[in-house]
Each structure stands twice: as C-alpha cells, then as structure tokens.
Amino acid sequence: VRLPNHDGWHCLRAPRWAVGVAVMLLAVILLGAPVVTAQPAAATTGATLDAAILKALGTRSGEVGIALVDLRNGTTYLHNPDSQIYTASIVKVLILAAAIRVQRERGTWLTSTQQSLARSMITVSDNDAASTLYSFIGGSPTLIRVARLLGMTTTKAGTTWGRTTTTPYDQTVLLRDLVVGTSVLQ
C-alpha cells in the first residue's frame with residue numbers, strides 16, 4: 001500500500017499478500033459473512049460468484065453488498081454494490097486519508113504524534129486514536145469532503161465516526177486510491 005510522505009511516495013512495510021488478506025478481512029467486516037474463495041480469475045464468472053455467495057450466505061438475513069475489482073485488468077464483480085453499510089472500524093482508513101489530506105493542504109506532513117496515533121488506529125484498531133484524529137480533521141465535514149475528493153460518492157457521515165455509512169463500491173474506490181496512488185494525498 002502506498003502512502004505519500006514529505007519526500008514523495010513510500011510503501012507501507014507489508015508484503016503484497018497482506019494487501020489481499022486486508023481486502024478479505026474488509027469483506028468479512030463489511031459483509032459479516034465468510035469470504036468465498038473463488039476459482040482462478042480466468043475460470044470465474046459472475047454467475048459462479050453469485051452462486052458461491054448465495055451458498056455462503058445461506059439463510060442469513062440482512063442485505064449483503066460486494067464490489068470486487070481486479071486492478072491488473074479492471075475486471076469488476078458487483079453484487080448489491082450500493083448497499084449502505086455502517087463502517088464501524090473500517091472508516092479508520094478514511095480518517096487516516098483525511099488527516100494526511102489536511103496536513104498536505106497545510107504544506108506539511110503528519111506530526112510524529114499524529115503518525116503514532118495513525119499507527120495505533122490502523123494496526124491495533126485503537127478507537128481513542130481514531131477519535132483524536134477525527135477531532136483533528138474537524139469531524140464529519142472534512143471526512144466527507146476528503147471522501148468526495150477521493151471519488152467516494154455515496155459514503156455518508158454518521159453521528160460519530162463509527163456510524164459513518166459506506167458502500168462496497170466506495171470501499172473499492174478508497175482501496176484502489178491507496179494501492180495505486182492518488183494526487184489527493186500528495
């Protein structure tokens with residue numbers, strides 16, 4: 001995952017497979033369902049994924065939304081991609097992006113304290129760190145402004161950061177921006 005720093009872009013120290021694991025965990029968090037391991041991409045069709053997803057969901061109630069994008073070739077799979085889902089802790093990635101954007105607009109980088117808070121927020125899901133950074137950015141108005149700058153068109157502010165809602169599709173937009181890079185965070 002690439003994030004900007006004061007000298008340009010640098011990579012987080014995580015192997016490529018960890019990004020895949022993070023995306024799978026994001027799917028579990030967003031869906032509240034087991035992750036379906038599909039066939040190799042060349043043999044997988046939308047119908048195959050639909051069948052596997054419906055089987056995995058069984059008789060569970062509630063709405064499920066999935067958006068998968070293969071960044072290598074642009075292949076996209078959508079299943080209720082506009083389902084509004086409470087973000088809970090996954091919004092912490094957007095809070096970090098907003099903190100970076102706020103500091104870049106000021107012509108600086110995250111302070112050492114902000115970097116420490118960001119590290120705790122992301123690596124151990126520290127809610128106090130998230131609340132501190134959320135306050136630093138100015139709360140929901142800045143969070144949503146940055147979401148829109150990143151191309152997330154349906155993410156909506158909640159009464160607290162954890163009550164923000166998003167869609168599976170908006171999450172693919174955010175993850176794509178972080179993996180591929182975006183001028184919004186430079």
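The basis for the numbers below is simple: all heavy atoms, side chains too, and nothing from hydrogens, waters or symmetry mates.
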Colleague: Could you work out, with side chain to side chain donor-acceptor pair (under 3.5 Å) as the rule, every residue matching T132, not counting sequence neighbours?
Modeller: none
Colleague: Does V184 offer a backbone N or O that forms a donor-acceptor pair with the side chain of R101 under 3.5 Å?
Modeller: yes
Colleague: I need the S125 OG to I90 CD1 distance, nearest 0.5 Å.
Modeller: 11.0 Å
Colleague: Just wondering, do V64 and P168 contact through their side chains at under 4.5 Å, heavy atoms?
Modeller: no
Colleague: Taking C-beta and beyond as the side chain, do D50 and H79 meet within less than 4.5 Å on heavy atoms?
Modeller: yes
Colleague: Just to verify, what does L54 make a side chain to side chain contact (heavy atoms under 4.5 Å, CB included) with, not counting sequence neighbours?
Modeller: none
Colleague: Below 3.5 Å, can you tabulate the donor-acceptor pairs from side chains in residues 155-162 to any protein atom, sequence neighbours excluded?
Modeller:
residue : atom : partner : partner atom : Å
T155    : OG1  : T166    : OG1          : 2.8
T155    : OG1  : D170    : OD2          : 2.8
W161    : NE1  : S131    : OG           : 3.0

Colleague: Under the side chain to side chain donor-acceptor pair (under 3.5 Å) rule, collect the residues that match up with S116, sequence neighbours excluded.
Modeller: none
Colleague: What closest approach, in Å, do S83 and N80 show between heavy atoms, and which atom pair accounts for it?
Modeller: OG-O, 2.9 Å
Colleague: Could you list all the salt bridge (charged side-chain N to carboxylate O under 4.0 Å, His left out) pairs where at least one residue sits in residues 129-139, not counting sequence neighbours?
Modeller: none
Colleague: With sequence neighbours excluded, tell me which residues meet side chain to side chain donor-acceptor pair (under 3.5 Å) with R148.
Modeller: none
Colleague: Apply side chain to side chain contact (heavy atoms under 4.5 Å, CB included) to T142 and list each qualifying residue two or more places apart in sequence or on a separate chain.
Modeller: V102, I137, R145, V146
Colleague: Has F136 got more than 12 heavy atoms of other residues, nucleotides or ligands less than 6.0 Å from its CZ?
Modeller: yes
Colleague: So do the side chains of T172 and L68 get within less than 4.5 Å of each other, counting heavy atoms only?
Modeller: no
Colleague: With a 4.5 Å heavy-atom cut-off, do Q171 and I85 have their side chains touching?
Modeller: no
Colleague: Evaluate the side-chain proximity of Y134 to M121: yes if any heavy-atom separation is below 4.5 Å, no if none is.
Modeller: no
Colleague: So, using side chain to side chain contact (heavy atoms under 4.5 Å, CB included) as the criterion, who are the partners of A118 when residues are at least two apart?
Modeller: L96, L133
Colleague: Any sub-3.5 Å donor-acceptor pair from Q114's side-chain atoms to I100's backbone N or O?
Modeller: no
Colleague: Nearest 0.5 Å, please: how far is CG in L143 from OG1 in T87?
Modeller: 8.0 Å
Colleague: CG of L150 to CG of L94: how many Å apart, nearest 0.5 Å?
Modeller: 7.0 Å
Colleague: Say you draw a straight line from CH2 of W109 to CZ of R104; how long is it, rounded to the nearest 0.5 Å?
Modeller: 7.0 Å
Colleague: From S120 OG over to N127 CG, what is the distance, rounded to the nearest 0.5 angstrom?
Modeller: 11.5 Å
Colleague: Which pairs, with at least one residue in residues 73-100 and sequence neighbours excluded, count as a salt bridge (charged side-chain N to carboxylate O under 4.0 Å, His left out)?
Modeller: none
Colleague: How long is the gap from CG on L117 to CG on D128, to the nearest 0.5 Å?
Modeller: 9.5 Å
Colleague: Under 3.5 Å, side chain of T182 to main-chain N/O of V180, donor-acceptor pair present?
Modeller: no
Colleague: Can you sort out the partners of Q115 under side chain to side chain donor-acceptor pair (under 3.5 Å), two or more places apart, ordered by chain and number?
Modeller: none
Colleague: Residues in side chain to side chain contact (heavy atoms under 4.5 Å, CB included) with T123, at least two apart?
Modeller: R119
Colleague: Test of understanding: clusters of I, L, V, M, F, W, Y form through side-chain heavy atoms closer than 4.5 Å, transitively. Do I144 and M152 belong to the same one?
Modeller: no
